[in-house]
Amino acid sequence: MAKNLTGYRGDSKTINLTFKTDAGVAINITGWTIFFTAKASKTDADAAAAIQKNVTAHTNASGGITDIVLAPADTIGCLGNYFYDIQAKKADGTILTVVDGIITFKEDITIRTTAV
């Protein structure tokens, strides 16, 4: 499934995921690792990725709910379009791609983090 995302350079961004069966029943994701990777080019090595996140502590594992949290430090160097995907590694080692697309980081206007 392709889904495009947007955000601002240097901002926090949370990507909420809920895993369900085709019948709408929550999938227990206990023991799963969720990988988020964003790259300037699809063919870049993972080591050259602009952003890499691994999620093992889930919001509600038995309910199939997890969040990928991008902190300002993760997005500060990003501007423009990046290819991304989210993969899940199940407890049995099976890997599946959940979603992919383009994430666009817009230029921020305010750069300060304290009041003037």
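For the pair P72 and G10, the tightest heavy-atom approach, listed with the atom from each and the gap, is CB-O, 3.1 Å. For the residue pair A38 and Y82, the shortest heavy atom distance occurs at CB-CB, 4.2 Å. Across every non-hydrogen atom of A57 and T66, the tightest pair is O-OG1, 4.4 Å. The two residues I34 and I68 have their closest heavy-atom pair at CG2-CD1, 4.0 Å. In terms of heavy atoms, G64 sits closest to A26 at N-CB, 4.5 Å. Here the closest heavy-atom approach between residue K3 and residue Y84 is recorded as O-OH, 2.5 Å.
Taking the centre of each ring, Y8 and F105 stay at or above the 6.0 Å mark.
Summarising the geometry, atom CD1 belonging to I29 is positioned 4.5 Å from atom NE2 belonging to H58; distances are rounded to the nearest 0.5 Å. Between the CD1 atom in I76 and the CG atom in L70 there is a gap of 13.0 Å [rounded to 0.5 Å]. Taking NZ of K89 as the reference point, atom OG1 of T94 lies at 10.0 Å (rounded to 0.5 Å). Taking CG from D108 and CG from L79, the interatomic distance works out to 8.5 Å, rounded to the nearest 0.5 Å.
Linking ILVMFWY side-chain heavy atoms closer than 4.5 Å, directly or via other members, places I15 and F83 in two distinct hydrophobic clusters. Following chains of ILVMFWY side-chain contacts shorter than 4.5 Å, one can reach V55 starting from I27, so the two form part of one hydrophobic cluster. Hydrophobic clustering, with ILVMFWY side chains joined whenever heavy atoms are under 4.5 angstrom apart, groups I51 together with L5. Cluster annotation: F36 and L96 are assigned to the same hydrophobic cluster (Ile/Leu/Val/Met/Phe/Trp/Tyr, side-chain heavy-atom contacts under 4.5 Å, transitive). Taken together through direct or relayed side-chain contacts under 4.5 Å among Ile, Leu, Val, Met, Phe, Trp and Tyr, V99 and I103 form part of one hydrophobic cluster.
For D46 and K39, the salt-bridge test passes: some basic side-chain N is under 4.0 Å from an acidic carboxylate O.
Of the possible polar contacts, one joining the T75 side chain to the D11 backbone as a donor-acceptor pair under 3.5 Å is found.
Residues T59 and D67 have side chains that bring a donor and an acceptor to within less than 3.5 angstrom of each other. A donor and an acceptor atom, one from each side chain of S62 and N60, are located under 3.5 Å apart.
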Practice task
List the steps, then state whether side chain to side chain donor-acceptor pair (under 3.5 Å) holds for T97 with Q87.
Solution key: CA-CA 4 Å; T97 299; Q87 291 189 326; 3.0 Å; yes
Practice task
Evaluate side-chain contact (heavy atoms from CB on, under 4.5 Å) for N16 paired with I65, printing each intermediate quantity in order.
Solution key: CA-CA 8 Å; N16 310 107; I65 301 170; over 6 Å; no
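Atom NZ of K13 has more than 12 heavy atoms from other residues, nucleotides or ligands within 6.0 Å.
For the pair K106 and R9, the minimum side-chain heavy-atom distance is 4.5 Å or more.
Taking the six-membered ring where the residue is Trp, W32 and F19 present perpendicular rings, their angle passing 60° and hence far from 30°.
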